[in-house]
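For clarity, every value in this text was computed on a predicted model and none was experimentally measured. Order of the sequence lines fixes the chain letters, A, B, ..., with proteins taken first and strands second; residue numbering starts at 1 for each chain.
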2 protein chains.
Amino acid sequence: MNSRNMNLIHIIRRFNRFYTNILGLLDKHIYESEFSLAEVRVLYDIEHMEVCTAKKLIEELKIDPGYLSRIIKRFENDSLIYRVQSPEDGRLYYLFLTDKGKNTLSKLNDLSNDQIYNLISRLPERDKMSVVESMKTVENAFSGKPIKIKEKITIRSELRPGDVGYLIHLHGRFYAEECKYNYMFEGYVCKTIFDMFNNYNVEKDRFWFAEANGEIIGSIAIIGHSATRAQLRWFILHPSFRGIGLGNTLLNEAVKYCQEKGYEQVFLETTDDQKIAIKMYMNVGFKKVAEHENKEWGRKLIEQTYELSLPLGNMVSN
Amino acid sequence: MNSRNMNLIHIIRRFNRFYTNILGLLDKHIYESEFSLAEVRVLYDIEHMEVCTAKKLIEELKIDPGYLSRIIKRFENDSLIYRVQSPEDGRLYYLFLTDKGKNTLSKLNDLSNDQIYNLISRLPERDKMSVVESMKTVENAFSGKPIKIKEKITIRSELRPGDVGYLIHLHGRFYAEECKYNYMFEGYVCKTIFDMFNNYNVEKDRFWFAEANGEIIGSIAIIGHSATRAQLRWFILHPSFRGIGLGNTLLNEAVKYCQEKGYEQVFLETTDDQKIAIKMYMNVGFKKVAEHENKEWGRKLIEQTYELSLPLGNMVSN
DNA sequence: AAAAATAGTTGACAAAGTCAAATAAATTAG
DNA sequence: CTAATTTATTTGACTTTGTCAACTATTTTT
């Protein structure tokens, strides 16, 4: 352990002492409630785990099984939670919050939020940003992975100022990082967006943005070209949020919209190296109808056009 | 409490849960020692306070007087500490570590250091630095010390993929928020970027990006139109980072570059509502040379052209 | 000199957490 | 198919940790 490391260690230890106090301060309201810290964490985890059993809580919270057992018993007596014995495995009991339990937790959450609000509200806006970014940095570094939690992702289809810029940013950044496209690609995306705006109409065109923590992490759009023909465009996902079904969710939203709007033909343009996206397109029924070479973006690529025919009257059948 | 704040609160709460676990992990070695966490903190504080009494420890550690009294008694029995009654005030007892106590604490410290070393040793050097910087940021913010924000901002003039997208994002977002421009403005910025890329040349064109926490929070660019004439474009600052001289820094960089490149005339286009920016432009010597009306972006605006003449041979005089 | 305040101590207690043994259901080995 | 083993949870007995109020000793205030 060299002296540089010792320096880091000292700073980290000081931070730990400091943050222990902050956490203590924030948890004080819990001491004033009828619940212990462990109990609140149990309530919280029951709410946030999809399937919750005592076993899982023991692992997650590193709590003593006997201790937990009694907490659960007390919660059940107070009808904050109820238990359902698993039909497949009689040893397991699934835990659920009752309405009363949800209510109680929600009040505790509100208190907790207030405490944190008090802590940060007096900070100038840019310091808030710095603090939050710093926390993300620490968390990412120590957990070894970018944070991704699917439940925190929201999808909205309203187009807001700044959205298309961010969309271009994502395209420029990740096509360069992953496919080695050059800067001309980002310029090309700018042009497609500009052209779109010249004909933009909320009645025929639609964007969807997936957001996590208030930041756009994915997008897709449908642009109408005629009453029956539309184009699917700008389908992209931040790499940290792939593989969790989010791409399919966006794609399905887009196709559903086409059906509802009565578009009979949807086409899209992509390049042959977008293997995963192409698989997803084909899964929902897109077929390749044309291809040609493109060298504009620093690599030799095959640009491909895919088309999806939507059966007329599909809406009626639903 | 608005939704932006709620987002911050969620991130902070997640960080708190996460860091509670980290702290728990780090404290585990203490559980394996013969001391409780409170006891270790008492030992630590006796060592680190110049003059230590029970009273001070009670205030510092927010520990129960009775509880502390017993801890001190035990420590004295184990001859980890010794007490000296104050000659001025017989109610006070000054607390000191014995050699044995110092030794014990030092071993505990070593354990603690090792734990932290394990935590950070597997991180790449860059991450270690950013973790430590982030911790300092959080600590400063919460302890009321203002964050020296300008120290955390870096300016780079290299154009990277994703940059112009983010630049468009900033324009779309903040011109809408602050000047009520409509979405067409963002489309217009896309077009200006696209046009620029069609003639982009690193020898004549240059971008500067101000970054805080790895995120772009400001930009400016110089685009050459001929050997002697250039345009200043895309000057924008995230509102949270205004008023700290950053705008002038960027503007000066841009003008300096023009001088170095031998541009004799620099012009820029803006709108009459950009009062603060215009003042900055005029401060460095820009003069209004033309104006005309523009209604494209949802408001009646006066578009203005400013021009700066750079004296020939200015470089020589330096 | 009496009353009030302060620093620390003590006893009685409650809350939080631990450990090992017990129970009940599932899985595996023979 | 039964016995042995494993797994999820529970229970009893216990320790540790932390709290509260009453107490002593000393100093400060009135």
- Message: Using the ring centroid of each side chain, check whether B:Y82 and B:Y94 are separated by less than 6.0 Å.
- Response: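 Distance test on ring centres: not under 6.0 Å, no.
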
- Item | Nucleotide-resolved protein contact map, nucleotides 22-30 of chain D, B/S/- at heavy-atom distance under 4.0 Å | ----BS---

Within this structure, what is the [atom1]-to-[atom2] distance between [X] and [N], rounded to whole angstrom?
X	N	atom1	atom2	answer
A:K55	C:dA24	NZ	C1'	16 Å
A:Y94	D:dT9	OH	C1'	14 Å
A:R41	C:dA16	CZ	P	15 Å
A:L37	C:dA15	CG	C1'	13 Å
A:I58	D:dT7	CD1	P	14 Å

- Task: Decide whether A:Y44 and A:N109 meet the rule of one side-chain donor and one side-chain acceptor closer than 3.5 Å.
- Result: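 Judged by distance alone, the side chains do not pair up.
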
- Message: Can you pull out the residues from residues 63-83 of chain B that lie within a 4.0 Å heavy-atom distance of DNA chain D?
- Response: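 Per residue number, the list reads B:D64, B:Y67, B:R70.
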
- Task: Starting at CD1 of A:I81, measure out to CD1 of A:I72 and round the result to the nearest 0.5 Å.
- Result: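 The distance works out to 5.5 Å.
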
- Which residues share a side chain to side chain contact (heavy atoms under 4.5 Å, CB included) with A:S134, sequence neighbours left out: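 Checked A:S134 against side chain to side chain contact (heavy atoms under 4.5 Å, CB included); matches are B:S134, B:T137, B:V138.
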
- Can you tell me if A:S130 uses its side chain to pair, donor with acceptor, with the backbone of A:R126 under 3.5 Å?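 Checked: pair present.
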
- Message: Working note: A:F142 + B:F15, criterion ring-ring contact (aromatic ring centres under 6.0 Å, His included); need CA distance, chi angles, decisive distance, verdict.
- Response: CA-CA 11 Å; A:F142 284 165; B:F15 176 78; 9.2 Å; no

- Message: Students often mix this up, so state it plainly: with edges at 30° and 60°, are the rings of A:F207 and A:F209 parallel, tilted or perpendicular?
- Response: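 Taking A:F209 first and then A:F207, their aromatic rings lie parallel (interplane angle under 30°).
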
- Can you label the angle between the A:F35 ring and the A:F75 ring as parallel, tilted or perpendicular, going by 30° and 60°?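 Plane angle over 60°, so perpendicular.
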
